[in-house]
Structures are given as C-alpha cells and as structure tokens.
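First listed ligand is number 1; within each ligand, the first listed atom is number 1. A quick note: this is a predicted structure, and the numbers were derived from the prediction, not measured.
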Amino acid sequence: MRIIICDNYYEMSKKAAILVASQVNMNPRSVLGLATGSTPEGMYSILINMYNNKEVDFSEVTTFNLDEYFPISKSNSQSYDFFMKKHLFSHINVPETNINIPNGEACDAEKECEEYEKKIDAFGGIDLQILGIGQNGHIGFNEPDEFLFSNTHKTDLTESTISANSRFFASADEVPKNALTMGMATILKAKKIVLLASGKSKHDAISKLVSGKITTSCPATMLNMHKDLVVICDKEAYHG
Ligand code: F6R
C-alpha cells in the first residue's frame, strides 16, 4: 500500500485527478471504476477542468460505477446515475454507451448483478478503480458483516449508512433500504485501486485500513490483499 498524505481536500482531489488523467493518457481505452459520494466530487471537478483545457480525452474510455441504490429511478436526483451525470459525465466526452452503472430500475436485481459482473470481465477488468470509504469502513455498499458477498450483488444498507446518507434525502425514511454493489472480489480484481479519504470522520476507518490487519467487520481492510493500492487522504483523515 502506498499512502499519500495531503494538506487538504483540494490537494487530495488534485493528486487523484492527475492519477486518473495519467491513466487515460497512457491508455486512452482505459476501463475506469468510479465512485459517488462527497469525497470524489473535487476530483471530478478538476478532471472536468483538465478535459476543458485539452489535457485529457475520455472519448475511448469505458466506466463502471461501484454501486447504485435499489430500487431507484434514474431521474431521482439522489440516484447515483443522476449524480454521475451532474458531477462528471455531462461535462466530458465519454460516450453514453461506454458508461455502466448498476441499474436501480432493473426488474430482476440478481440478473442485473450477474450481467454487470460478466460485463466487467468481458472488458478485461477494471484498470483503475476509484474508491471512497464509509465511516464504518464500508467500500461501495459492502457493509461490515460476518460474511460478505464476493461478486456484484443486491444488499441491505446498514442503519449507520442510512443515517449518513440521509443528509442527501428529505428524511432517513426516504433513503432506499437496498443497493446493488460490486463485491469485494469484484473490486480486488481491479488492476490498480486509488482510495480517497478526507476529514476526521474517516480517521477510524483509515486507521484500521493502514493497520494491515484484515477483517470483514471493516471491509476496507480487505484492500490490504491488493498489490497496487494507493491511499490518498488528507491530514485529518490520517491523523484524526
Ligand atoms: C459511493 C460509495 C460509498 C462512498 C462512501 C463514502 O459510490 O461507494 O462507499 O464511497 O459512502 O461517502 P462520502 O464520500 O460521501 O463520504
């Protein structure tokens, strides 16, 4: 694991954006794994600037998002589909047909998950996976538990995640109770992983991750099994 400690959120976002742009410049047909949430918003905004300055071109890139609420309609402003269009896709030239997000409108969630996993494999896997981290150490919607599913699957949200995400909804009752998410094995198959963390609230989870121990009660610690993991965090997340 390589850990980059930044002074602040902007520096973290800038370093991550440069890594993504370098990946795409080295291989214009890169397969990117993307995350939603507050953490990567700054990175997306810097990537949009880089695209506008012609420093990076996304015309041949393929993307796979980590997760999506279930059920949720794509037009719901809290869906991850909506988030990605708002914060990235509608500002860059990635073709719509190259964008993949688990379908929160699917009739058959199990079939959707199986096909999503197969599609990632058919593209030769993810070259660079961007991750955020939950306060409880969740990755995607892989929540702390005794057992975790390995591949893309439908899952329940924990009370802690419902409460953390309720800030985006009118009330906690409106947060969907399920999600479709890549599993830890799907994520660990990525060739390179970059995990971003900002703020004191992420300190516990980051401490467990960097301890080097592995437990399903903090899914982020499973990333210790990956041979090419870069953690970019700010001082607050690292030192608490
Ligand atoms: C989002 C995702 C989640 C977030 C995590 C942190 O696609 O997979 O695991 O990365 O909940 O969210 P923020 O960045 O809002 O603190």
Just need the protein heavy atom nearest to atom 1 (C) of ligand 1, so name the residue and atom and give the distance. T36 OG1, 3.1 Å
So, 4.0 Å and heavy atoms of E68: is ligand 1 close enough to count as a contact? no
Proximal atoms of ligand 1 relative to G37 (non-hydrogen, under 4.0 Å): 14 (O), 15 (O)
When you measure from atom 5 (C) of ligand 1 to every protein heavy atom, which one gives the shortest distance, and what is it? H138 NE2, 3.4 Å
Between S30 and Q23, is there a side-chain donor-acceptor contact under 3.5 Å, judged purely by atom types and distance? yes
Polar-atom distance check: G140 versus ligand 1, any N or O pair below 3.5 Å? yes
Ligand 1 contact by Q135, heavy-atom criterion under 4.0 angstrom: no
Going by the rule salt bridge (Lys or Arg N to Asp or Glu O under 4.0 Å), which residues pair with K15 if we only count those two or more places apart in sequence or in a different chain? E11
Please say which of T215, I214, I139 ends up in a side-chain contact (heavy atoms from CB on, under 4.5 Å) with M222. I214
My understanding is that only residues two or more places apart in sequence, or in another chain, count here; which of them pass ring-ring contact (aromatic ring centres under 6.0 Å, His included) with Y69? Y80, F141, F169
Do me a favour and list the nearest non-hydrogen protein atom to atom 2 (C) of ligand 1 with residue, atom name and distance? D67 OD2, 3.3 Å
Part of M182 within contact of ligand 1 (heavy atoms, under 4.0 Å): neither
Decide whether S59 and R29 meet the rule of one side-chain donor and one side-chain acceptor closer than 3.5 Å. no
Under 3.5 Å: donor-acceptor pair, side chain of D67, backbone of P102: no
Taking 4.0 angstrom as the limit and counting only heavy atoms of R167, give me the atoms of ligand 1 inside it, by number and element. 15 (O)
Can you confirm whether K191 is buried at NZ, in the sense that more than 12 heavy atoms of other residues, nucleotides or ligands lie under 6.0 Å from that atom? yes
Judged by atom type as modelled, is there a donor-acceptor pair below 3.5 Å linking the side chain of H91 to the main-chain atoms of K86? yes
In ligand 1, which numbered atoms sit nearer than 4.0 Å to a non-hydrogen atom of L66? 8 (O)
Which residue and heavy atom of the protein sit nearest atom 15 (O) of ligand 1, plus the separation: S38 N, 2.8 Å
Does the pair E117 and T186 meet the rule for a side-chain hydrogen bond (donor to acceptor under 3.5 Å, both in side chains), with working shown? CA-CA 7 Å; E117 186 80 24; T186 324; 2.9 Å; yes
Heavy-atom distance to atom 6 (C) of ligand 1: which of I133, N136, T39 wins? I133
Under 4.0 Å to a heavy atom of K202 - the qualifying atoms of ligand 1, by number: 6 (C), 13 (P), 16 (O)
Protein contact to atom 10 (O) of ligand 1 [nearest heavy atom, distance to 0.1 Å]: G132 CA, 3.3 Å
